[in-house]
Asks: 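I have a structure I would like to understand better, so I am pasting it below and will then ask my questions one at a time.
Proteins get letters first, then strands, A, B, ... in listed order; numbering begins at 1 in each.
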2 protein chains.
Amino acid sequence: MCSRTNPRNSRTGRPRSTEADTAILEATRAALVELGWSKLTMGDVAGRAGVAKTTLYRRWANKNELVVDAVAVLFDELELPDLGSLQADIEHVVLQFAALLERPETKTALMAVVAESTRDEPLRERIRASIVDRQKRLVLAGRERAQQRGELPAHRDPVATDATDDLIFDVIAGAVVHRALVSAEPVDAPWVARLSALLVGGLGAAAAVGG
Amino acid sequence: MCSRTNPRNSRTGRPRSTEADTAILEATRAALVELGWSKLTMGDVAGRAGVAKTTLYRRWANKNELVVDAVAVLFDELELPDLGSLQADIEHVVLQFAALLERPETKTALMAVVAESTRDEPLRERIRASIVDRQKRLVLAGRERAQQRGELPAHRDPVATDATDDLIFDVIAGAVVHRALVSAEPVDAPWVARLSALLVGGLGAAAAVGG
DNA sequence: GGAGATACGCTACGACCTGTAGCGAAAGGC
DNA sequence: GCCTTTCGCTACAGGTCGTAGCGTATCTCC
């Protein structure tokens, strides 16, 4: 796994305790809920997990990487059921994402680790691999499904298709995060309906002129 | 100003040094560029500014509020010149915003203070007043200008108009931030053209069906 | 020109967090 | 059983936070 500092794949010696792994990640989420990002300390997490502080440092180099791993699993919940139309699919996944951002552990941690990643390339890569890519797959799946339904034209230029996928991803994820954390307003059904209508309309207009 | 802890509006006693104010804010930006958010310390800033550490604490309660004030002035640069069309206006302001986010001091600080604000209501209010509202005005101005040109229908329902303004703001600001800081890809002219085309198309489609 | 009030620089301090080192004991593979 | 690695524990140096206390400087009001 990418979650832990590589123990050299050694087949010899005492193996790492998986109970400790899960206890630490669980304790990290609990500490995030209770203390928030800035007041969370490694010593506190160790205490909650019933583990020595040195055990944490054997697995994660610092607080940033620990928190990324602790939060990443929550993004496994995101799914994209087929609801029959592009707009319905978008609304559903946005509401899911919003519910995730409402949780105090993600709310306080997500922006913080992204902020740290602006000066920490390995951390950025870790975030991309364990969180961002997991979301991006939903955009790809939604677009392909819409094409199969005929809601969007079949792609001709794969480069343009990739660019549009990237754009839609940044727009959706960015808008939801900004609404929830910066504007601090609810990501509720009416707002989501407006957002998805804007996107579907914009994509339709672009397709009409041959984008 | 909202930038400093209120000295009780006292007309008596030695007044606070405005040179110290500007020196501190300037030192804070320099420290952000050089050290980034997480390694920036109050003592370091004080040293750079040629000021005692206690002088910082007389003005700002903590690092968060100091950094917000230090970065806020950069957002004064944002302007909305009339370029003749809604799409051109959007593209111009987005590129301005992107250039601001490219600066290392905003890049490292903006997400960090927003993350802190999820657990600090006064800080959120400070961010809203000194940064967010300053950006939001541009959306209002751009929408009104587009209505005067006839690119968008004159508003009938003011509630719906406000909701659309909020939506567009979160979409634009969120998408740019997400592209720049999470996806870590360049906010360049081609991308901005795609974004603004999506928005203009979406707004047009919404207007066509009577939103 | 005092008197009062406030800001300033400086030093010192306790409390806390970080990340590492060293120890003996535990738990696996060969 | 031997080797290797992890475990919990303790201790530690280094750094930061935020405050207190001091004497000095600067401004307003009388």
Asks: Whole angstroms only, please: what is the CG-P distance between L56(B) and dA7(C)?
Replies: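 Those two atoms, CG and P, are 15 Å apart.
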Asks: Please give, in whole Å, the distance from dT16(D) C1' to N62(B) CG?
Replies: 14 Å
Asks: To the nearest Å, give me how far apart CZ (R14(B)) and P (dA7(C)) are.
Replies: 10 Å
Asks: Taking only side-chain N and O atoms of R16(B), does any of them lie within less than 4.0 angstrom of OP1 or OP2 on dA25(D)?
Replies: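 Answer no for this pair, as no side-chain N or O of R16(B) is under 4.0 Å from OP1 or OP2.
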Asks: Does the cation-pi check pass for K63(B) over W37(B), that is, NZ or CZ under 6.0 Å from the six-membered ring centre and within 45° of its axis?
Replies: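 Yes, a cation-pi geometry.
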Asks: Has T55(A) got a side-chain N or O lying under 4.0 Å from the OP1 or OP2 atom of dG8(D)?
Replies: yes
Asks: For A52(A) and G13(B), take the nucleotide of DNA chain D holding the closest heavy atom to each; which residue's nucleotide lies nearer the 5' end?
Replies: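 Looking at the nearest nucleotide for each, A52(A) comes out on the 5' side.
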Asks: Which letter, B, S or -, goes with each nucleotide of nucleotides 12-18 of chain C from 5' to 3', with contact meaning a protein heavy atom under 4.0 Å?
Replies: -----SB
Asks: Below 4.0 angstrom from OP1 or OP2 of dA21(C), is there any side-chain N or O of R58(A)?
Replies: no
Asks: Report yes if a side-chain nitrogen or oxygen of T12(A) is closer than 4.0 Å to either non-bridging phosphate oxygen (OP1 or OP2) of dC30(C); otherwise report no.
Replies: no
Asks: Distance-only criterion, 3.5 Å: show the donor-acceptor pairs between side-chain atoms of residues 23-30 of chain B and protein atoms not counting sequence neighbours.
Replies:
{"from": "T28(B)", "atom 1": "OG1", "to": "I24(B)", "atom 2": "O", "distance (Å)": "2.7"}
{"from": "R29(B)", "atom 1": "NH1", "to": "A70(B)", "atom 2": "O", "distance (Å)": "2.8"}

Asks: Enter the inter-axis angle for the ends of the helix from dG1(C)-dC30(D) to dC30(C)-dG1(D) (five pairs per end, rounded to 10°).
Replies: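 Comparing the first five pairs with the last five, the axes sit 30° apart.
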Asks: Report the residue (V51(A) or T54(B)) whose heavy-atom-nearest nucleotide on DNA chain D is the more 5′ of the two.
Replies: V51(A)
